[in-house]
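Remarks on the structure that follows.
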Amino acid sequence: MAAVSFSSAVFLFSLTTIFLVSISSWEAEAHPVSTLVKKNLYKILFLHKDDKACPANNFYTYKSFIKATKSFPAFANTGSVATRKREIAAFLAQISHETTGGWATAPDGPYSWGLCYKEEISPGSNYCDDTDKEWPCYPGKSYKGRGPVQLSWNYNYGQAGKALGFDGLRNPELVANNSILAFKTALWFWMTEQKPKPSCHDVMVGRYVLTEADVAANRTAGFGMVTNIINGNLECGIGSDARVNDRIGYFKRYASVFSVQTGPSLDCGNQKPF
């Protein structure tokens with residue numbers, strides 16, 4: 001083997017290092033979630049989602065989740081690794097509450113039963129706001145909760161459909177029949193600002209700047225504000241609430257699994273709804 005000078009060796013080492021770092025960065029950008037959530041970890045997070053007791057068994061697959069995230073490259077790809085993990089934990093916590101099948105004495109605890117349902121059971125209405133002329137209800141259709149975030153109301157189905165390329169008003173059932181689309185609707189809701197509400201993403205990655213209205217309403221950035229964005233009219237500003245506490249319970253478990261802190265402002269009991 002020919003001798004290599006020290007300067008040449010350093011140069012080659014530098015090139016190799018740059019190459020490896022570039023590959024690592026490319027992988028993080030190309031697959032930001034799959035680098036942080038491996039298939040085995042997904043199974044640990046959702047221990048019972050495929051049990052026969054869960055109506056959505058075998059619907060919310062790891063493959064579908066990862067495929068859906070690729071349509072939202074900023075999700076879990078903003079900020080430090082800890083911030084990225086915290087955002088994933090927060091997102092999964094919220095959708096776990098929305099689809100939970102757990103109960104207080106459930107095996108492995110109530111926070112191991114996320115993604116158990118794919119659509120609302122026995123809805124109280126068809127969730128049609130007939131005053132919304134931009135997203136009119138289609139005759140005979142129900143806009144009940146479906147998918148991981150339990151997408152509800154005609155205006156949400158209409159907007160999600162426009163953004164994701166399906167007719168949400170005429171075919172809302174697709175959200176409960178296509179697992180990739182189901183995850184996409186949840187991610188769309190998470191990533192999309194709907195003024196005066198910020199996006200859940202911006203709140204969890206620290207990008208959202210509180211407004212004067214937020215300060216007056218006692219709203220502070222954190223997981224509690226995300227709950228306020230999702231279901232504040234029913235759950236926030238009323239003191240301690242079992243539904244809010246359930247969301248927090250999931251978040252604490254997932255944050256622990258990811259070995260990250262939850263951050264402050266977990267509940268919205270003293271926040272006025274948007």
Side-chain angles (χ1 to χ4, degrees), residues 32-33 36-38 41-49 54 56 60 62 64-66 68-69 72 75-79 81-104 106 108-118 145 147-152 182-183 185-192 197-206 208 220-232 234-236 240-269 271:
V33 178
L36 300 176
V37 185
K38 302 294 186 182
L41 179 58
Y42 191 74
K43 290 181 179 179
I44 291 171
L45 294 170
F46 304 108
L47 290 173
H48 296 283
K49 73 177 181 67
C54 288
Y60 295 114
Y62 173 75
S64 293
F65 171 59
I66 295 302
T69 63
F72 299 88
F75 174 72
N77 199 22
T78 304
V81 172
T83 298
R84 293 167 59 194
K85 288 181 176 180
R86 187 178 300 108
E87 182 182 11
I88 296 173
F91 172 77
L92 296 180
Q94 292 289 356
I95 66 173
S96 291
H97 167 78
E98 295 291 336
T99 58
T100 185
W103 62 98
D108 300 306
Y111 307 123
S112 298
W113 287 77
L115 299 183
C116 197
Y117 288 84
K118 62 179 181 178
V149 80
Q150 290 293 281
L151 190 73
S152 306
F183 274 122
T185 62
L187 287 162
W188 165 82
F189 188 91
W190 184 267
M191 301 298 295
T192 303
K197 297 179 180 181
S199 71
C200 300
H201 168 74
D202 281 349
V203 172
M204 287 308 304
V205 302
Y208 181 61
T220 54
F223 187 75
M225 179 177 278
V226 171
T227 298
N228 200 336
I229 293 168
I230 294 172
N231 210 27
L234 294 178
E235 300 180 20
C236 298
S240 181
D241 184 88
R243 296 162 295 185
V244 174
N245 292 335
D246 189 64
R247 296 176 192 271
I248 295 171
Y250 273 111
F251 186 36
K252 286 182 175 179
R253 176 176 177 249
Y254 294 163
S256 177
V257 171
F258 280 107
S259 298
V260 294
Q261 300 295 316
T262 59
S265 304
L266 296 183
D267 69 69
C268 60
Q271 297 182 22

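- At least one donor-acceptor pair under 3.5 Å links the side chain of Lys197 to the backbone N or O of Ile229.
- Of all heavy-atom pairs between Tyr250 and Gly114, the closest is OH-N, 3.4 Å.
- The minimum heavy-atom distance between Gly222 and Met204, with the atom names listed, is C-SD, 4.2 Å.
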Go through it in stages, so that I can follow the logic: the residues are Phe72 and Asn77, the test is side-chain contact (heavy atoms from CB on, under 4.5 Å), and I'd like the CA-CA distance, side-chain angles, deciding distance and then a yes or no. CA-CA 9 Å; Phe72 299 88; Asn77 199 22; over 6 Å; no
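- No side-chain heavy atom of Ile66 sits less than 4.5 Å from a side-chain heavy atom of Tyr42.
- Between Pro148 and Phe183, some side-chain heavy-atom pair lies under the 4.5 Å cut-off.
- Note that the OH atom of Tyr208 and the NE2 atom of His201 stand 14.5 Å from one another [nearest 0.5 Å].
- For the atom pair CD (Glu235) and CG (Asp246), the distance works out to 9.0 Å, reported to the nearest 0.5 Å.
- The two residues Cys116 and Gly101 have their closest heavy-atom pair at CB-N, 3.5 Å.
- With rounding to the nearest 0.5 angstrom, the CE atom of Met225 is 8.5 Å from the OG atom of Ser265.
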* **Residues Asp267, Thr227; criterion side-chain contact (heavy atoms from CB on, under 4.5 Å); working and verdict** => CA-CA 8 Å; Asp267 69 69; Thr227 298; over 6 Å; no
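- With Asn245 contributing its side chain and Asp241 its backbone, the two residues share a donor-acceptor pair below 3.5 Å.
- At least one side-chain heavy atom of Arg243 sits less than 4.5 Å from a side-chain heavy atom of Leu234.
- With rounding to the nearest 0.5 Å, the separation of CG in Leu92 from NE2 in His97 is 15.0 Å.
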| Are Arg247 and Gln94 close enough, and set up right, to give a side-chain hydrogen bond (donor to acceptor under 3.5 Å, both in side chains), and what steps lead you there? | CA-CA 6 Å; Arg247 296 176 192 271; Gln94 292 289 356; 2.7 Å; yes
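- In this model, a donor atom of one side chain and an acceptor atom of the other lie less than 3.5 Å apart for Tyr254 and Ser96.
- When Tyr111, Phe223, Phe91 are each tested for a ring pair (Phe, Tyr, Trp, His ring centres under 6.0 Å) with Phe251, only one passes: Phe223.
- For the pair Phe189/Ser199, no side-chain contact is recorded, criterion being any heavy-atom separation below 4.5 Å from C-beta on.
- Taking CG of Asn228 as the reference point, atom SG of Cys268 lies at 5.5 Å (rounded to 0.5 Å).
- With 3.5 Å as the limit, one finds no donor-acceptor pair spanning the side chains of Thr99 and Tyr60.
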Evaluation steps, side-chain contact (heavy atoms from CB on, under 4.5 Å), between Arg84 and Val205
CA-CA 8 Å; Arg84 293 167 59 194; Val205 302; over 6 Å; no
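- Residue Asp108 comes nearest to His48 through the heavy atom pair OD2-NE2, 2.6 Å, listed as atom of the first residue, atom of the second, then distance.
- Contact annotation: the side chain of Leu47 never approaches that of Trp113 to less than 4.5 Å [non-hydrogen atoms, C-beta and beyond].
- With contacts defined as side-chain heavy-atom distances shorter than 4.5 Å, the pair Leu45/Val257 qualifies.
- Residue Lys252 places its NZ atom among 12 or fewer non-hydrogen atoms of other residues, nucleotides or ligands, all under 6.0 Å distant.
- A donor-acceptor pair is defined here as one N or O able to donate and one able to accept, closer than 3.5 Å; such a pair exists between the side chain of Thr192 and the backbone of Trp188.
- Relative orientation of the Phe65 and Phe75 rings is perpendicular, given thresholds of 30° and 60° on the angle between their planes.
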For Thr100 and Tyr117: C-alpha separation, side-chain torsions, deciding distance, then whether side-chain hydrogen bond (donor to acceptor under 3.5 Å, both in side chains) applies. CA-CA 7 Å; Thr100 185; Tyr117 288 84; over 6 Å; no
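- Here the side chain of Tyr62 pairs a donor or acceptor atom with the backbone of Val37 at under 3.5 angstrom.
- Here the OG-CD1 distance, from Ser152 to Ile230, works out to 11.5 Å after rounding to the nearest 0.5 Å.
- Qualifying disulfide bond (SG atoms under 2.5 Å apart) partners for Cys200, counting only residues two or more places apart in sequence or in other chains: none.
- Taking all atoms of both residues into account, the shortest heavy-atom contact from Thr220 to Gln271 is O-NE2, 3.7 Å.
- Shortest non-hydrogen contact noted between Ala76 and Leu36 is O-CD1, 4.3 Å.
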